[in-house]
Amino acid sequence: MSAQYPPRRADFPSDFRWGVSTSSFQIEGAGQEDGRGESIWDRFCTEPGRIRDGSNGLVACDHYHRWPQDLDLAQSLGVNAYRFSIAWPRILPQGRGQVNPKGLEFYDRLVDGMLARGLQPWATLYHWDLPQALQEHGGWKNRETVAAYLEYTDVITRRLGDRVKHWITHNEPWCSCIMGYYEGVHAPGETNLAGALQANHHVLLSHGHAIAVIRANSAGAEVGITLSLHPIAAASTSAEDCAAQVRHDGVRNRWFLDPLHGRGYPADTLALFGADAPQVQDGDMQAIATPTDFLGVNYYFPEEVRHCETGGPARSALTHKDGVERTAFGWEVSPQGMVDLLTRVHRDYAPARMVLTENGSTYEDVLRPDGTVADAERKSYLQRHLASLQSAMKLGVPVQGYFAWSLLDNFEWAEGYLRRFGLAYVDYATQSRILKDSGRWYSQFLRP
Ligand code: FCB
């Protein structure tokens, strides 16, 4: 069963989707141009202390203006797919109502640019940049935001649905809801568990209802949702730590996977949340379980937990393992974790197909005087994770594509520009893009 190392493209199916992944707020910039409305991340960035380097997304990678060059770069890598996200506040600056034609025109050009370069567009509808106008009414905590999201989905899929045939409703509800409304570290920076769980319920509900809208506007479209998932281990074999592992898995993984696969919210996790559990109306769980075409999986690192009475609803605490390899972010590097995760999701939920919609690493990259970036660690990370992907597929997991995070260094949320995840280095002073050694390797891998 062992996979070829370093992996070879020829060992993957010939119709496999190879891509790179980006998101609107992290790269576009042009924050106040062509009628774009304010997003919750614009507002969050103005609040002191929220972003580690005090930066914002107003310019970012200036992709709004440099997209032809960025798509050229993606094409030059040899990928055949490109994952991007649409900025809702560019389309409906107030969240609903008035449509901004310039926003639609931008994504028209971008999608046409992908198609002209042989890049299959994979569009994410929501990668966290909620229009601030909706946040004024509670954002995702407000059930009305579901209706607003469906309005937005209808507008954008009517416009692009003839050319975009791969749609991702949401990116990582854990991050947009739990980190945004409970942990307070992402926009909108709130810290209320009941609010976060209600927001999360509405996000899942909006996903479920959007599927029919997308299918109606985009004939033959494939639709899915992307989750951030982690394989979770117990710190010891003690009964206490093992029970904490089950609880943590409930909060972190099953809370999303179960309802999407028609099982409702997991009973043990609902009990942990108690009175903070979300209000659910008749029909909601059926809507959330609407069948999709694929499950998007973002894999970065495994987690290990121990029992901890004060560790939130799951009464668990993440352990800091000694002696493991880590990225500059401190995230454990575990290619085996990808195999463990994919085989687990396949065994327990058996989605028809999975797509690795994100996987990548951040290191302290240095642009050398000779104009190169020697990121041996990222290259090795990529090679080992692709080998793991191949192992998982050999074990029978149906995976349809792999998107490396990310094409470019970009605005890494609360870390600002301090974390570089790109296959290409961005010199923010000049906005030049320099392919790193990892990007060079990916392109060699992709070329037969
Ligand atoms: C994921 C996000 C993506 C990026 C990577 C590093 O959680 O989806 O936008 O920030 O992490």
Side-chain angles (χ1 to χ4, degrees), residues 19-29 39-41 44-45 50-53 55-57 60-61 63 82-88 122-130 168-183 185-187 200 203 207 224-231 252-253 256 295-303 326-334 337-338 341 355-365 375 377-378 381-382 385 402-426 436 438:
V20 284
S21 197
T22 63
S23 91
S24 49
F25 191 81
Q26 293 178 277
I27 64 169
E28 283 180 3
S39 78
I40 56 173
W41 272 93
F44 194 64
C45 291
R50 295 296 201 183
I51 312 297
R52 211 146 72 87
D53 60 359
S55 65
N56 58 52
C61 304
H63 173 76
Y82 181 81
R83 176 173 178 242
F84 68 112
S85 81
I86 293 155
W88 183 349
W122 285 60
T124 303
L125 289 166
Y126 187 75
H127 201 125
W128 312 351
D129 39 4
L130 186 74
I168 295 165
T169 54
H170 279 272
N171 182 67
E172 302 188 345
W174 168 272
C175 293
S176 56
C177 299
I178 307 301
M179 293 176 76
Y181 289 83
Y182 174 51
E183 296 179 352
V185 295
H186 277 187
N200 189 73
V203 161
H207 152 78
I225 184 171
T226 281
L227 302 178
S228 51
L229 299 172
H230 301 260
R252 196 68 193 76
N253 294 321
F256 305 89
L295 175 69
V297 176
N298 289 354
Y299 172 68
Y300 287 95
F301 57 91
E303 290 183 343
R326 294 180 187 280
T327 68
F329 221 145
W331 295 356
E332 182 181 343
V333 176
S334 174
M338 181 189 270
L341 176 68
V355 178
L356 254 295
T357 41
E358 287 179 29
N359 171 240
S361 56
T362 180
Y363 293 101
E364 308 280 345
D365 298 318
D375 60 338
E377 292 163 304
R378 186 178 291 99
Y381 180 103
L382 179 60
H385 283 78
Y402 175 90
F403 292 79
W405 182 271
S406 178
L407 174 65
L408 304 172
D409 293 338
N410 58 49
F411 177 80
E412 177 48 36
W413 309 113
E415 299 284 309
Y417 298 96
L418 298 174
R419 302 292 180 200
R420 295 179 175 274
F421 274 91
L423 296 176
Y425 183 94
V426 175
K436 301 176 191 175
S438 57

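Atoms within each ligand, like the ligands themselves, are counted from 1 in listed order. Only a predicted model underlies this, so the values are computations on that prediction, with no experimental measurement involved.
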Grab the two heavy atoms, one from V333 and one from R326, that are nearest each other, plus how far apart they are. CG2-C, 3.9 Å
Note: P173 and N200 closest approach over all heavy atoms is CB-OD1, 3.6 Å
Indicate yes or no: does R420 engage D375 in a salt bridge with an N to O separation below 4.0 Å.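 Looking at D375 together with R420, the answer is no, because their closest N to O distance does not fall below 4.0 Å.
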Donor-acceptor pair between S24 and D129 side chains, under 3.5 angstrom: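 Per modelled atom types, S24 and D129 side chains form a pair under 3.5 Å.
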Are side-chain N/O atoms of D53 and Y417 paired as donor and acceptor at under 3.5 Å? no
For ligand 1, what are the residues with a heavy-atom contact below 4.0 Å? Q26, H127, W128, N171, E172, N298, Y300, E358, W405, E412, W413, F421
If only atom types and distance count, is the side chain of S21 paired as donor or acceptor with the main-chain N or O of A404 below 3.5 Å?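 Looks like no, no N/O pair under 3.5 Å.
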